[in-house]
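Nothing here was measured: the structure is a model prediction, and the numbers come from that model.
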Amino acid sequence: MSLNANDFDQTVEKYHQALDEFMKGNCAPAKMLYSRRDDVTLGNPFGPFARGWKLVAETMERAASHYRDSDATGFENIAKCVTPELAYLVEVERLRSKVGGRSDVAPLALRVTSVFRPEDGLWKIVHRHADPITTAQPADSVLRR
């Protein structure tokens, strides 16, 4: 069975719904969308890259625990490409959340690249990278402080 762009769009809709749950501290729906293979990777704003399903799952649980009273408020599509072997999505995710120990709900945005591949008749996430850089930064911002 070959997956197509329509199948991918349906997966992206599930992905966005799962992110809304993730922002409430529930990473279970997002986990269902990820590959379980050894080459799955995740880079999130809270730490270094994780590789392999066990580390990716642990990283997702830790990241979801930082959010509460939250929701996803929108997704700005920057680019999307779907081929029979691979698909990717580049977005800005717009969110509202109490982050960490904060008591106020604050808006936040993440620059996100997600890569998918067909596995057992479904599009599965094989890589996600998210960071808070959504505006121009000064050159020295890449230097470790």
Decide salt bridge (Lys or Arg N to Asp or Glu O under 4.0 Å) for E58 and R62; before the verdict, give the C-alpha distance in whole Å, the side-chain angles of both, and the deciding distance to 0.1 Å.
CA-CA 6 Å; E58 291 170 0; R62 193 169 38 259; 5.4 Å; no
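- In this structure, the side chains of L42 and F49 stay at 4.5 Å or more apart for every pair of heavy atoms.
- Heavy atoms only, all atoms of each residue included: F8 and A87 are closest at CE1-CB, 3.5 Å.
- Taking 4.5 Å as the limit, every side-chain heavy atom of H129 sits out of range of all side-chain heavy atoms of V112.
- With no hydrogens or angles considered, a side-chain donor-acceptor pair links E13 and Q17 at under 3.5 Å.
- Rounding to the nearest 0.5 angstrom, the gap separating the CD atom in Q10 from the CG atom in L3 is 10.0 Å.
- Panel note: side chain R68, backbone M23; no donor-acceptor pair is recorded below 3.5 Å.
- Looking only at atom types and distance, the side chain of R96 has no donor-acceptor partner in the side chain of Y67 under 3.5 Å away.
- For T135 and Q137, the side-chain atoms include at least one donor-acceptor pair closer than 3.5 Å.
- In terms of heavy-atom proximity, A63 sits nearest to F22 at CB-CZ, 3.8 Å.
- Note on ring orientation: taking the six-membered ring where Trp is involved, the planes of F46 and H66 are tilted (angle from 30° to 60°).
- Remark: R36 CZ is packed, more than 12 non-hydrogen atoms of other residues, nucleotides or ligands lying under 6.0 Å away.
- S114 pairs with exactly one of K80, R128, E91 by the side chain to side chain contact (heavy atoms under 4.5 Å, CB included) rule, that one being R128.
- Using a 4.0 Å cut-off between charged side-chain N and carboxylate O, K54 and D38 make no salt bridge.
- R37 has a carboxylate O that lies under 4.0 Å from a charged side-chain N of E119, or vice versa, which qualifies the two as a salt bridge.
- Centroid-to-centroid, the aromatic rings of H127 and Y88 stay 6.0 Å apart or farther.
- The closest donor-acceptor contact from the side chain of D104 to the backbone of A106 lies at 3.5 Å or more, if one exists at all.
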Take H16 and E93 through the side chain to side chain contact (heavy atoms under 4.5 Å, CB included) test and state the conclusion after the steps.
CA-CA 9 Å; H16 289 165; E93 297 173 349; 5.6 Å; no
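- Between L95 and L110 there is a side-chain heavy-atom pair separated by less than 4.5 Å.
- Side-chain N or O atoms of D20 include none that pairs as donor or acceptor with a backbone N or O of D71 at under 3.5 Å.
- Taking 4.5 Å as the limit, every side-chain heavy atom of V12 sits out of range of all side-chain heavy atoms of F75.
- Using cut-offs of 30° and 60° for the angle between ring planes, the Y34 and W53 rings count as tilted.
- When side chains are defined from C-beta on, T41 does not count as touching V126, because their heavy atoms never get closer than 4.5 Å.
- Within the 4.5 Å cutoff, the side chain of E85 has no heavy atoms near those of the P118 side chain.
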Apply side chain to side chain contact (heavy atoms under 4.5 Å, CB included) to residues D120 and L122 and explain how you reach the verdict.
CA-CA 6 Å; D120 302 320; L122 298 170; 5.9 Å; no
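- Contact of the Y15 side chain with the I125 side chain is registered, since non-hydrogen atoms from C-beta on lie closer than 4.5 Å.
- The CG atom of L89 sits 8.5 Å away from the OG1 atom of T113 when rounded to the nearest 0.5 Å.
- Rounded to the nearest 0.5 Å, atoms CG (L19) and NZ (K24) are 9.5 Å apart.
- Follow the hydrophobic side-chain contacts under 4.5 Å out from F116 and you never reach L86; the two are in separate clusters.
- Closest of all the heavy-atom pairs between P138 and S141 is O-OG, 2.7 Å.
- Between the CD1 atom of I78 and the OG1 atom of T134 there is a distance of 10.0 Å, given to the nearest 0.5 Å.
- P45 approaches D131 most closely through the heavy-atom pair CG-CA, 4.3 Å.
- Smallest separation of non-hydrogen atoms from A50 and V56: O-CG2, 3.7 Å.
- A pairwise comparison of heavy atoms in K98 and S103 identifies CE-O, 3.1 Å as the closest pair.
- The environment of NZ in K124 is crowded: more than 12 heavy-atom neighbours from other residues, nucleotides or ligands sit within 6.0 Å.
- The main-chain N or O of A28 is found under 3.5 Å from a side-chain atom of N26 such that the two form a donor-acceptor pair.
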